[in-house]
Amino acid sequence: GIIISNDVTSDVRDANQLQPQIKQVEENVGTLQEGTKISADSSYSSSKNLKFMKEKKLDGFIPDEDTASILNGAKGRTDNPFGKDKFEYDPVDDCFICPNDKKLTFRFEYVDITKNRNVRIYKGTHCKQCPDRKKCSKNSRDGKVIKNFEGMEEERRNMADKMRSEEGKLTYRTRSKVVECIFGHIKRNLGFREFLLRGLNGAKIEFNLACISSNLRRIWNFLNRFGTAEC
């Protein structure tokens, strides 16, 4: 329950905060060892984050939205028989295989400037002759089109499988207990429910003080528990 990194941002997407937080952690406590577990909720799930953790050799546990729904007891998105998750991905040939056992091959790649990410496009070669074409795709010219963000489709699917394993489920439950209770402690016990200073920098200072207060109390409780606390 010790906070080793924090930030306040005006960005609406949590996914953009994972990499800065990991870098800040390393500035505070040193370089993370290979295989260090990184657990986060589904709002941090993105292909860029998966790529980042793969490059740093970190062991990520980040469910996508559908997997998070399943872990929380919901059914997930199972209603579309031609959804992307129903298409098998072959990393060797770099292609998708549809439910009717036909390939969707790589055609071209572009940069999505709005989200700053590379997108690989795959299209079917037999869509025009497929009896399920209207059920599968609304694209009258190209048939089914699938996007592979940052070329991380294999890693994305492996992550979903890992999160649904017993280790993934345990890590997901542990994260909720360890992380979410800190927010509850700061809000309820410390009474920190709103920022009083104006501007982003002022909010950062306030939240730093709240985190320091939380850490001091946590450390004091540890020392008391083992009988080493002194005034």
Side-chain angles (χ1 to χ4, degrees), residues 11-18 39-54 60-173 175-176:
D11 196 337
V12 298
R13 299 190 71 242
D14 288 346
N16 295 334
Q17 310 313 316
L18 183 68
S39 179
D41 62 35
S42 60
S43 58
Y44 292 86
S45 176
S46 74
S47 297
K48 293 190 70 173
N49 285 339
L50 293 180
K51 185 177 182 180
F52 173 79
M53 288 189 294
K54 181 180 180 180
F61 287 82
I62 307 178
D64 55 40
E65 291 184 3
D66 194 42
T67 302
S69 296
I70 294 174
L71 293 175
N72 289 326
K75 292 183 178 181
R77 293 173 293 183
T78 60
D79 56 334
N80 185 1
F82 296 100
K84 183 180 177 180
D85 59 316
K86 302 298 191 300
F87 286 66
E88 180 185 347
Y89 177 68
D90 183 349
V92 177
D93 291 337
D94 187 24
C95 68
F96 290 85
I97 302 174
C98 79
N100 290 326
D101 204 30
K102 301 297 182 181
K103 288 185 177 181
L104 283 78
T105 57
F106 171 71
R107 299 301 178 86
F108 62 90
E109 183 175 359
Y110 71 94
V111 177
D112 182 349
I113 59 175
T114 60
K115 296 184 178 180
N116 189 28
R117 62 183 179 182
N118 294 322
V119 182
R120 294 172 62 83
I121 298 296
Y122 298 75
K123 295 182 180 181
T125 55
H126 297 81
C127 290
K128 291 183 178 179
Q129 295 80 32
C130 181
D132 294 319
R133 180 176 181 177
K134 291 184 179 180
K135 299 178 183 178
C136 182
S137 174
K138 296 180 180 179
N139 190 323
S140 60
R141 185 184 67 178
D142 298 322
K144 187 70 173 181
V145 177
I146 289 183
K147 297 179 180 180
N148 179 0
F149 302 106
E150 297 290 341
M152 298 295 291
E153 186 64 28
E154 181 181 15
E155 288 76 8
R156 187 187 70 79
R157 293 181 181 229
N158 288 341
M159 177 65 75
D161 291 338
K162 181 165 69 169
M163 288 305 305
R164 299 181 194 194
S165 69
E166 290 304 316
E167 181 185 15
K169 293 176 182 178
L170 177 60
T171 303
Y172 186 77
R173 292 195 298 267
R175 188 208 66 81
S176 298

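Counting begins at 1 with the first residue of the sequence.
Of the charged side-chain nitrogens involved, at least one lies within less than 4.0 Å of a carboxylate oxygen, so that K84 and E153 count as a salt-bridged pair. Electrostatic pairing of E155 and K54 counts as a salt bridge here, judged by a charged N lying under 4.0 Å from a carboxylate O. Ion pairing of D94 with R120 is present here, as a side-chain N (NZ or NE/NH1/NH2) and a carboxylate O approach within less than 4.0 Å. Ionic pairing of D93 and K103 is present here: one or more N-O contacts between side-chain nitrogen and carboxylate oxygen are shorter than 4.0 angstrom. A salt bridge does not link E150 to R117: none of the charged nitrogens lies less than 4.0 Å from a carboxylate oxygen.
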field: Pair D132-N100, side-chain contact (heavy atoms from CB on, under 4.5 Å): steps then yes or no
entry: CA-CA 9 Å; D132 294 319; N100 290 326; 3.1 Å; yes
task: Carefully, step by step, assess K102 and T125 under the rule side-chain contact (heavy atoms from CB on, under 4.5 Å).
output: CA-CA 8 Å; K102 301 297 182 181; T125 55; 5.8 Å; no
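Pairing each heavy atom of K162 with each of G60, the nearest pair is NZ-O, 2.7 Å. Nearest heavy atoms, P63 versus A68: CB-N, 4.0 Å.
The aromatic rings of Y122 and Y89 stand perpendicular to each other, their planes meeting at an angle above 60°, with 30° marking the opposite boundary.
Side-chain contact check for K123 versus L104: every heavy-atom pair is 4.5 Å or farther apart. Taking 4.5 Å as the limit, some side-chain heavy atom of D64 sits within range of a side-chain heavy atom of R156.
A side-chain donor-acceptor contact under 3.5 Å links R164 and T67. A donor-acceptor contact under 3.5 angstrom links the side chains of D41 and S43, judged on distance only.
Atom CG of residue D14 and atom OH of residue Y44 lie 4.5 Å apart, to the nearest 0.5 angstrom.
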